[in-house]
Amino acid sequence: MIRLPLVRQGPLRALAVRVVAAVVLVLLTVLVIYIDRDGYRDLNEDGLSLLDCFYYAVVSLSTTGYGDITPVTPDARLVNIVFITPARVLFLIILVGTTLEVLTDQYRKNIRVTRWRRKLKDHIIVCGYGTKGRAAISALLETGYDKSRIVIVENREEALRQAAANGLVAIEGNATRSAVLLEADVKNAKSVIIATDSDEASVLITLTVRQLTAGQVRIIAAVREQENAALLKQSGAHHVIVSSSTAGRLLGLTTTTPPLIDVVEDLLTPGQGMALAMRSAERDEVGRNPRELQTLVVALIRRGKVMPLGGQQSITIDTGDMLIYIRDEENSGLGVAV
């Protein structure tokens, strides 16, 4: 089941509003008739009880009109002209509007899903909308990634509602199932981020994605335990983030060298001082040592592999290399933040 971002109130709420409006209109009509009950005559000619007023209001507003109760005095007939007839029309409008709302809601949803699928291309699938999943999406949005090209796969109702409220497309289901991933169009995805709370589920999702895409879609997975990282890579994950060990290292750095953790947080937090960025090597930089550039290059990526810049070996920049460097956030227009 695909849940698109919320753009209006739900059909159940709209139906409830109409039902309440119809009930209020009936009660108001009953009150008017009951106040002027002496102006009406029924077949038994014993006057109108409260139940008779309810009966007359319902059959009049629904245009049934059996004729067993009729207004006979001029005042009662005037009330029918001025109030009962407009109320009847309004009641019919409420009923017809409710019917049309129920009948067309699914059609409108199908139209929106069709349009969304037509525009979907090179998207990112995020399996899990917990703490890690939300943080990953925030990082994507901070780098300027289009929100409409992010698809969430989640089976928790609360998380699905939160994702839709945040303007994200969410698919309800278990990401370990092939049918759910195919619903997210995993074969045409750019990458899949696995941010579940279970290492076992992460392994199963990785295997399923690799099987469906033949390894053509990049898989980034997070695991809790270091011992499961190798298993995930063997299952087909291109990158594995070990949350427990990463958090532990940061805790250790905070204890021994507090200023160092401040620098790390500064680099990882967009809009604050320094930030890590990546760009392609320029033509005039080819053949030069990365250390000689004006920008502070911390890593060099060549054919998908990180080239060490330290040690005795001298590294020169080749055509097609990617440079990871530290930039000032005031000049955030340069490069792509990572």
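Here the closest heavy-atom approach between residue L141 and residue Y145 is recorded as CD2-O, 3.5 Å. Minimum interatomic distance between L25 and A87 (heavy atoms only, all atoms of both residues): CD2-O, 3.4 Å. Heavy atoms only, all atoms of each residue included: G133 and A195 are closest at N-CB, 3.6 Å. A163 and I152 get closest at one heavy-atom pair: CB-CD1, 3.7 Å. Scanning all heavy atoms of the two residues, the minimum distance from A57 to T29 falls at CB-CG2, 3.8 Å. Scanning both residues, L120 and A184, for their nearest heavy atoms gives CD2-O, 4.3 Å.
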Trace of the salt bridge (Lys or Arg N to Asp or Glu O under 4.0 Å) decision for R117 with E183: CA-CA 10 Å; R117 285 194 180 281; E183 188 78 3; 3.2 Å; yes
Stepwise side-chain contact (heavy atoms from CB on, under 4.5 Å) check, K147 with L168: CA-CA 7 Å; K147 182 182 293 186; L168 297 166; 3.2 Å; yes
Check against side-chain contact (heavy atoms from CB on, under 4.5 Å), V151 and V126: CA-CA 6 Å; V151 180; V126 180; over 6 Å; no
Intermediate values then yes/no, side-chain contact (heavy atoms from CB on, under 4.5 Å), I193 and I219: CA-CA 6 Å; I193 297 176; I219 303 173; over 6 Å; no
side-chain contact (heavy atoms from CB on, under 4.5 Å) between I150 and I137, worked out: CA-CA 8 Å; I150 299 175; I137 292 173; 4.1 Å; yes
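Around CD of E292, the count of heavy atoms belonging to other residues, nucleotides or ligands within 6.0 Å exceeds 12. Residue K132 places its NZ atom among more than 12 non-hydrogen atoms of other residues, nucleotides or ligands, all under 6.0 Å distant. Taking a 6.0 Å sphere around CZ of R177, one finds it holds 12 or fewer heavy atoms contributed by other residues, nucleotides or ligands.
Hydrophobic clustering of Ile, Leu, Val, Met, Phe, Trp and Tyr side chains at less than 4.5 Å, counting indirect connections, keeps V82 apart from I33. Note on L27 and L61: same hydrophobic cluster, where clusters join Ile, Leu, Val, Met, Phe, Trp and Tyr whose side-chain heavy atoms are under 4.5 Å apart, directly or indirectly. I205 is not connected to I220 by any chain of hydrophobic side-chain contacts under 4.5 Å among Ile, Leu, Val, Met, Phe, Trp and Tyr, and they are in different clusters. No continuous path of hydrophobic side-chain contacts links L204 to I194 [ILVMFWY only; heavy atoms under 4.5 Å]. With hydrophobic clusters built from ILVMFWY side chains whose heavy atoms lie under 4.5 angstrom apart, L28 shares a cluster with L48.
A search for side-chain contact (heavy atoms from CB on, under 4.5 Å) contacts involving A159 returns Y129, E154, R156, not counting sequence neighbours. Every residue two or more places apart in sequence or in another chain was checked for a side chain to side chain donor-acceptor pair (under 3.5 Å) with Y34, and none qualifies. For E227, there are no salt bridge (Lys or Arg N to Asp or Glu O under 4.0 Å) partners at least two apart in sequence or on another chain. With sequence neighbours excluded, the residues forming a side-chain contact (heavy atoms from CB on, under 4.5 Å) with V186 are I125, L181, L182, V192, V209, L212, T213, listed by chain and number. R149 meets the salt bridge (Lys or Arg N to Asp or Glu O under 4.0 Å) test with no other residue; sequence neighbours excluded. Under the side-chain contact (heavy atoms from CB on, under 4.5 Å) criterion, R302 pairs with L300, M307, I315, D318, D321, sequence neighbours left out. Taking the ring pair (Phe, Tyr, Trp, His ring centres under 6.0 Å) definition, one finds that Y56 meets it with Y40, sequence neighbours left out. By the side-chain contact (heavy atoms from CB on, under 4.5 Å) test, I35 is found to be paired with L31, residues two or more places apart in sequence or in another chain being considered.
S49 OG to F54 CZ: the interatomic distance, rounded to the nearest 0.5 Å, is 10.5 Å. Taking CH2 of W116 as the start and CD1 of I111 as the end, the distance is 15.0 Å to the nearest 0.5 Å. In this structure, NZ on K233 lies 9.0 Å from NE2 on H239, to the nearest 0.5 angstrom. Considering CZ of R37 and CG of D42, their distance stands at 13.0 Å, rounded to 0.5 Å. In this structure, CD1 on I84 lies 6.5 Å from OG on S60, to the nearest 0.5 angstrom. Here T319 contributes atom OG1 and R283 contributes atom CZ; the two are 9.0 Å apart, rounded to the nearest 0.5 Å.
Hydrophobic cluster membership for I241: none, as no Ile, Leu, Val, Met, Phe, Trp or Tyr side chain comes under 4.5 Å of it. Its side chain outside the 4.5 Å cluster rule for every partner, V286 clusters with none of the Ile, Leu, Val, Met, Phe, Trp and Tyr residues. Residue V223 belongs to a hydrophobic cluster whose other members are V203, L207, L231, L232, V240, V242, with links defined by side-chain heavy atoms closer than 4.5 Å. In this structure, L51 stands alone, with no Ile, Leu, Val, Met, Phe, Trp or Tyr side-chain heavy atom under 4.5 Å from its own, directly or through other members.
Between the side chain of K190 and the backbone N or O of R218, no donor-acceptor pair lies under 3.5 Å. Between the side chain of T208 and the main chain of T176, a donor-acceptor pair closer than 3.5 Å is present. Under the 3.5 Å distance criterion, the side-chain polar atoms of H123 are matched with a main-chain donor or acceptor of D185.
Looking at heavy atoms from C-beta onward, E172 lies out of side-chain contact with V153 at the 4.5 angstrom threshold. A heavy-atom distance below 4.5 Å is found between the side chains of R134 and Q162. The shortest distance between side-chain heavy atoms of L160 and I171 does not fall below 4.5 Å. Annotation: side chain of M322 is in contact with side chain of S280 (closest heavy-atom distance under 4.5 Å).
T196 and S202 share a side-chain donor-acceptor pair at under 3.5 Å.
In summary, of the residues considered (L293, V297, N289), a side-chain contact (heavy atoms from CB on, under 4.5 Å) with I317 occurs for L293 alone.
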